[in-house]
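Position 1 is the first residue of the sequence, and the numbers go up from there.
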Amino acid sequence: MSEIQVRPVSNAVGAEVRGADLTNLAQSEFEVIRRAFIDHGVIFLRGQDLSPEQHIAFAQRWGKINVNRFFAAVDGYPQIAEVHKDPDQTFNIGGSWHTDHSYDVEPAMGSILYALEVPQTGGDTLFASMYAAYEALSDGLKTTLESLEAVHSSRHAFGSAAFKEQTGGRISNSEAATQDSIHPVVIRHPESGRKALYVNPGFTVGINGWTRAESKPLLDFLFDHATRPEFTFRFQWKRGSIAFWDNRATWHYALNDYHGQSRRMHRITIEGGPLH
């Protein structure tokens, strides 16, 4: 019998998976972890000791790896993006609410972030449930939103030369920031079957067919609504911790409150499919 335990960490989002060694995972144990991921939107594992090869092998059990176009890769491992901030840097990567790759026609399924170096204090990550955000809306607004599509883009986020300078070379390839996509404002998750809000402050730039001025009030309301405290959870990192989030059901926000300290993570992103 598997000794893996799944413990929810909040009412809305996230679960801690205990007793799992990702370097030696039976198929039955993998299925327990998979179910926890689908049910809770993000899963957390402590005390892992992964080589790059083992990180890649675990990711490949979930699907095809997305090779990130913008993040600097770990030397020798293009599948792994290095997410780091050095003591002399003040700008961090991911320091606002967003969901990864919503600007792609087929957005990423999820991202597996592994902590190699963490600050003594600070550097936590916030997560928010887009299931809970959708479910708390009025029936009238739900009906309205389910008839709408939103425009997502990478241009403003990764295509700016000023942004590239701020990141100190950690973001590159700005000429590839040409992605625009259109997705439903409300999606039905392909595995859980639950409805979720699918817009985010990082990459959603408007409602399809509306002007920017018309889109802004609705999007601003949804962005504020989705980060209500009861929909969120704050994860405190330790070396060897993993957070694996479902981009179709959650947002995340890397807090930038550890100036003068180092933080270094390895991230692998899993390809997804079309959203309906």
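F244 and F37 have their aromatic ring centers within a separation under 6.0 angstrom.
Clustering of Ile, Leu, Val, Met, Phe, Trp and Tyr by side-chain heavy atoms under 4.5 Å joins L197 with W97, L126, M130, Y134, L137, L141, L145, L148, V185, V186, V199, I207, W210, L218, L219, F221, L222, F223, W251, Y253, L255. Other members of the hydrophobic cluster containing I187, listed by chain and number, are Y198, L275; membership follows side-chain contacts under 4.5 Å among ILVMFWY residues, whether direct or relayed.
Around the CG atom of D75, the shell of radius 6.0 Å holds no more than 12 heavy atoms that belong to other residues, nucleotides or ligands. Counting heavy-atom neighbours within 6.0 Å of N11 CG, excluding the residue itself, gives a total of 12 or less. Counting non-hydrogen atoms of other residues, nucleotides and ligands closer than 6.0 Å to CD of Q120 gives a total of 12 or fewer. Remark: R239 CZ is loosely packed, at most 12 non-hydrogen atoms of other residues, nucleotides or ligands lying under 6.0 Å away.
Atoms CD1 and OH, on I56 and Y77 in that order, are 7.0 Å from each other to the nearest 0.5 Å.
E271 is not listed as a side-chain neighbour of E106, based on a closest heavy-atom distance of 4.5 Å or more. In this structure, S241 and F235 have side chains that are in contact, with non-hydrogen atoms separated by less than 4.5 Å.
The side chain to side chain contact (heavy atoms under 4.5 Å, CB included) test with Y114 singles out one residue from I268, V83, D49, and that residue is D49. The only member of T99, D100, T125 that meets side chain to side chain donor-acceptor pair (under 3.5 Å) when paired with H252 is D100. Between E16 and the options R46, R7, H40, a side chain to side chain donor-acceptor pair (under 3.5 Å) holds for only R7. None of D104, N208, T204 except one satisfies the side chain to side chain donor-acceptor pair (under 3.5 Å) rule with H152; the exception is T204.
Using a 30° and 60° split on the angle between ring planes, H98 and F203 fall in the perpendicular class, above 60°. Using cut-offs of 30° and 60° on the angle between ring planes, the pair F233 and F44 is tilted.
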